[in-house]
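For clarity, every value in this text was computed on a predicted model and none was experimentally measured. Index from 1, following the sequence.
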Amino acid sequence: MKKIKIVTPVLATAMLAAVAASTTACKPAWRNNFAYDLDWTADVRGTEIEFWTGFGSNINDVIEPLLSEFTRMTGVSVKYESKGSYDNVLNATTLAATTGTFANVVVGYPDHFATYVNQDIIVRLDYYFENDRHDVFEPEGESFEMTDFYPDYMVENQSIEFDREGNPYTLGVPFNKSTEVLIYNSTFFEWAESFGLGDSIYVPQTYEQMDEVGTAILNFLDSNNVYGKYLLADGTVSAEDTSTASNKLILDLSKVTKWNDNDTSHKNSFKPFSYDSQANLFITSVRQKGGTYTYYDKDARHGYVGFNSAETLSAMNAFKTYYNNHTFGIPADWDEAKYGSNPFKAQKTVMTLGSSAGVTNDAPTGNAFQIKAAPVPYFSADKKYVISQGANLALMDKGSREQRLASWMLVKFLTKYANGYLCAATGYYPASPYAENGGMWEGDTEEYVDYKTWVEETNSNPFASTSEKIKAQTASVNTDYYVKATENWTKFVDQPFPGSAKIRNEVANIPKYILIDGMTPQQAIDAVLERLGDYIKH
């Protein structure tokens, strides 16, 4: 792989900004006026800062060595703590708002940052970008600019707080980003193509195609009596697994049954397509139909729901039709709380739609079958929307001048210079073109590894594990489709505001109300709106 040697620079002298935070009459003891009055030439070696995330052990195993490397280079020690979930970070930070015992740097979603604005505990980062200095971990000639990051990721950090003229403040820097992708059983789909079934069984691009392909798959399984049996490469259906090296196993449905509406238990039933996040299903489909999910009134400084519309009803009625056709399912169909990965690995479905950051969970044990990634389906080519997910890093309003400068250095390191390594190791998407094309840390060495080269080499490596391959293929979906201008995809983020997290949690119930509980789309929407009265504009 291409490697770029780090050059340790001489620290540049940055101009001090004559900006200071205003004092308040009843300022708590931990408050100070340092947030916008830093000595950018200060020596921060020996400084300790706190960093909170909501990551699980698999990502912590990647983060912790990076923090050790950061300490080695800068002399700044980082007291790292994972709170176990993003909501836990939000709760812990808000509870600590009056005492100042929150961390110096926190991971969070934009709506979390909106809460911190209301509590007056988050720092505006425009001053930091404008006065940034060259740090020891930056290659010679590199600088840290807002324009370094993908615009789709920056806009969500600039849609939270505004000055009196309506100009946005920057409250976060993109960190661990993801979106949704379609993961499919490539062993089955490639066999269908080679067996002459490619005209009816193929990887769909639209939801209409998904329904048509799903119907074709159901008809094939039914007419060939595949349920409860094994499908081999030569088209043979057998009650026993008689596969050989020359006649490979294509589908193992030995423990899978045909969907039966009269059966109260569907844990082992088959549906061609499943969708993980019910909140994302609702929000994305509203967008893809041209509707409005939520909106923010700058004058009132209040957010409102906008999804009680004809566009939303059109989207929900479409999914109800697919569900009734048995081509479309959600995790609850298989008694799963959140994810379709287990039914997918058990071959109770051959397509599953979920987060790009979780694709390794779809890899079957023992290479039972091969998987590949594709863009999510859409309703029409002029509205190819895919949701932007993942969190950002924020500086919290606490600490000495040295701690604030050290905290900013950590944000820079993680969001740009070490971001490629983080993404390759976890499956997240790079937050910037820099991380896309370079800047991937290799352990505790002083070398970068080109992220783009990692993707290309992993995709072409026949010995790469299924998990590594699907991470690389998912990265290719991002670069070849989602961020490629000619493909006309839009990564969207709805404007955050205090309460937008509550709205998201509530709308996650709507698909289940319609598909599982039998409500009409309007009944389901009305049921949720009854609990969202504070966000309905009268």
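Counting heavy atoms from C-beta outward, T458 and K471 have side chains that stay 4.5 Å or more apart. Between D494 and S500, every side-chain heavy-atom pair lies at or beyond the 4.5 Å cut-off. Inter-residue side-chain proximity for Y296 and S159 is flagged as unmet; no heavy-atom pair is nearer than 4.5 Å. Side-chain contact check for T520 versus I514: every heavy-atom pair is 4.5 Å or farther apart. Contact of the I250 side chain with the T187 side chain is registered, since non-hydrogen atoms from C-beta on lie closer than 4.5 Å. Side-chain contact check for F282 versus N509: every heavy-atom pair is 4.5 Å or farther apart. Residues I122 and I160 fail the side-chain proximity criterion, which asks for heavy atoms closer than 4.5 Å. Counting heavy atoms from C-beta on, the side chains of I503 and Y293 come closer than 4.5 Å.
Formation of a donor-acceptor pair under 3.5 Å by the K289 side chain with backbone atoms of A310 is not found in this model. Within the 3.5 Å criterion, the main-chain N or O of S465 finds no donor-acceptor partner in the side chain of E468. Without hydrogens or angle criteria, N88 side chain to K83 main chain gives a donor-acceptor distance under 3.5 Å. Distance alone, capped at 3.5 Å, places no donor-acceptor pair between the Q158 side chain and the P168 backbone. Of the possible polar contacts, none joining the W52 side chain to the V106 backbone as a donor-acceptor pair under 3.5 Å is found. With hydrogens and angles ignored, the 3.5 Å screen pairs no side-chain donor or acceptor of Q522 with any backbone N or O of M519. The backbone N or O of E138 sits nowhere less than 3.5 Å from a side-chain atom of E142 that would complete a donor-acceptor pair. Although no hydrogens or angles enter the test, the distance criterion places a donor-acceptor pair under 3.5 Å between the side chain of S285 and the main chain of L281. Here the side chain of D276 pairs no donor or acceptor atom with the backbone of P331 at under 3.5 angstrom. Between the T312 side chain and the F307 main chain, a donor and an acceptor come within less than 3.5 Å of each other.
Taking the six-membered ring for Trp and the full ring otherwise, the centers of Y417 and Y434 sit less than 6.0 Å from each other. Between F270 and W334, the ring center distance fails the sub-6.0 Å criterion.
The environment of K372 atom NZ is sparse: at most 12 non-hydrogen atoms of other residues, nucleotides or ligands sit within 6.0 angstrom. Crowding of Q495 atom CD: a count of heavy atoms from other residues, nucleotides or ligands under 6.0 Å exceeding 12. Counting heavy-atom neighbours within 6.0 Å of D382 CG, excluding the residue itself, gives a total above 12. When the shell of 6.0 Å around OH of Y339 is examined, it contains 12 or fewer heavy atoms from other residues, nucleotides or ligands.
The line from CG of L414 to CG of L393 is 6.0 Å long, rounded to the nearest 0.5 Å. Here K512 contributes atom NZ and I330 contributes atom CD1; the two are 7.5 Å apart, rounded to the nearest 0.5 Å. Between the CG atom of N308 and the CG atom of L313 there is a distance of 7.0 Å, given to the nearest 0.5 Å. Residue T479 holds its OG1 atom at 6.0 Å from CD of E436, rounded to the nearest 0.5 Å. Residue M351 holds its CE atom at 7.0 Å from CE of M210, rounded to the nearest 0.5 Å. Note that CD of Q288 and CD1 of I283 are 12.5 Å apart. Values are rounded to the nearest 0.5 Å.
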- Query: Are N60 and T53 close enough, and set up right, to give a side chain to side chain contact (heavy atoms under 4.5 Å, CB included), and what steps lead you there?
  - Reply: CA-CA 9 Å; N60 289 334; T53 76; 4.2 Å; yes
- Task: Mind running salt bridge (Lys or Arg N to Asp or Glu O under 4.0 Å) on K348 and D333 for me, showing each step along the way?
- Result: CA-CA 11 Å; K348 299 171 188 177; D333 286 329; over 6 Å; no
- Going through the checks in order, is the side chain to side chain contact (heavy atoms under 4.5 Å, CB included) test met by F189 and V213? CA-CA 11 Å; F189 279 96; V213 169; 4.2 Å; yes
- Passes ring pair (Phe, Tyr, Trp, His ring centres under 6.0 Å), Y150 versus Y429? Steps please. CA-CA 11 Å; Y150 288 117; Y429 288 152; 9.6 Å; no
- Task: Show the numbers, then the answer: is there a side-chain hydrogen bond (donor to acceptor under 3.5 Å, both in side chains) between T215 and T327?
- Result: CA-CA 6 Å; T215 299; T327 59; 5.4 Å; no
- Query: Should F492 and T284 be marked as a side chain to side chain contact (heavy atoms under 4.5 Å, CB included) after you check the CA-CA gap, both sets of side-chain angles, and the distance that decides it?
  - Reply: CA-CA 9 Å; F492 74 90; T284 303; 3.8 Å; yes
- Item | Step-by-step side-chain hydrogen bond (donor to acceptor under 3.5 Å, both in side chains) determination, T147 to E145 | CA-CA 5 Å; T147 53; E145 310 283 348; 5.2 Å; no
- Where do L251 and V256 land on the side chain to side chain contact (heavy atoms under 4.5 Å, CB included) test, with the steps shown first? CA-CA 10 Å; L251 279 180; V256 179; over 6 Å; no
- Assess whether side-chain hydrogen bond (donor to acceptor under 3.5 Å, both in side chains) is satisfied between T466 and N367, documenting all intermediate values. CA-CA 7 Å; T466 301; N367 292 322; 2.5 Å; yes
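Salt bridge annotation for E156-K177: present, with a cationic side-chain nitrogen under 4.0 angstrom from a carboxylate oxygen. Comment: R504 does not engage D111 in a salt bridge, judged by the lack of any side-chain N to carboxylate O separation of less than 4.0 angstrom.
N157 and T170 share no side-chain donor-acceptor pair at under 3.5 Å. With no hydrogens or angles considered, no side-chain donor-acceptor pair links E208 and T206 at under 3.5 Å. Inspection of the S432 and N419 side chains reveals no N or O donor paired with an N or O acceptor under 3.5 Å. The closest side-chain donor-acceptor pair between S356 and T179, if any, does not fall under 3.5 angstrom.
Residues A373 and Q473 come closest through the heavy atom pair N-OE1, 3.6 Å. In this structure, Q278 and A508 approach most closely via the heavy-atom pair CB-O, 3.3 Å.
Residue pairs meeting the ring pair (Phe, Tyr, Trp, His ring centres under 6.0 Å) criterion with at least one partner in residues 356-378, sequence neighbours excluded, are F344-F369, Y378-W489.
Shown are F497, Y535, Y304; of these, the ring-ring contact (aromatic ring centres under 6.0 Å, His included) with Y295 is made only by Y304.
Residues satisfying the side-chain contact (heavy atoms from CB on, under 4.5 Å) test with Y86, not counting sequence neighbours, are F55, V107, Y109, H112, N176, A391, Y428.
Relative ring orientation between F129 and W408 is described as perpendicular, the plane-to-plane angle rising above 60° on a 0-90° scale split at 30° and 60°. Between Y322 and F328, the ring planes lie tilted relative to each other; the angle falls in the 30° to 60° range.
For the pair K416 and F144, the cation-pi criterion (under 6.0 Å, within 45° of the ring axis) is not fulfilled. In this structure, K271 is positioned above the aromatic face of Y323, its NZ or CZ under 6.0 Å from the six-membered ring centre and within 45° of the axis.
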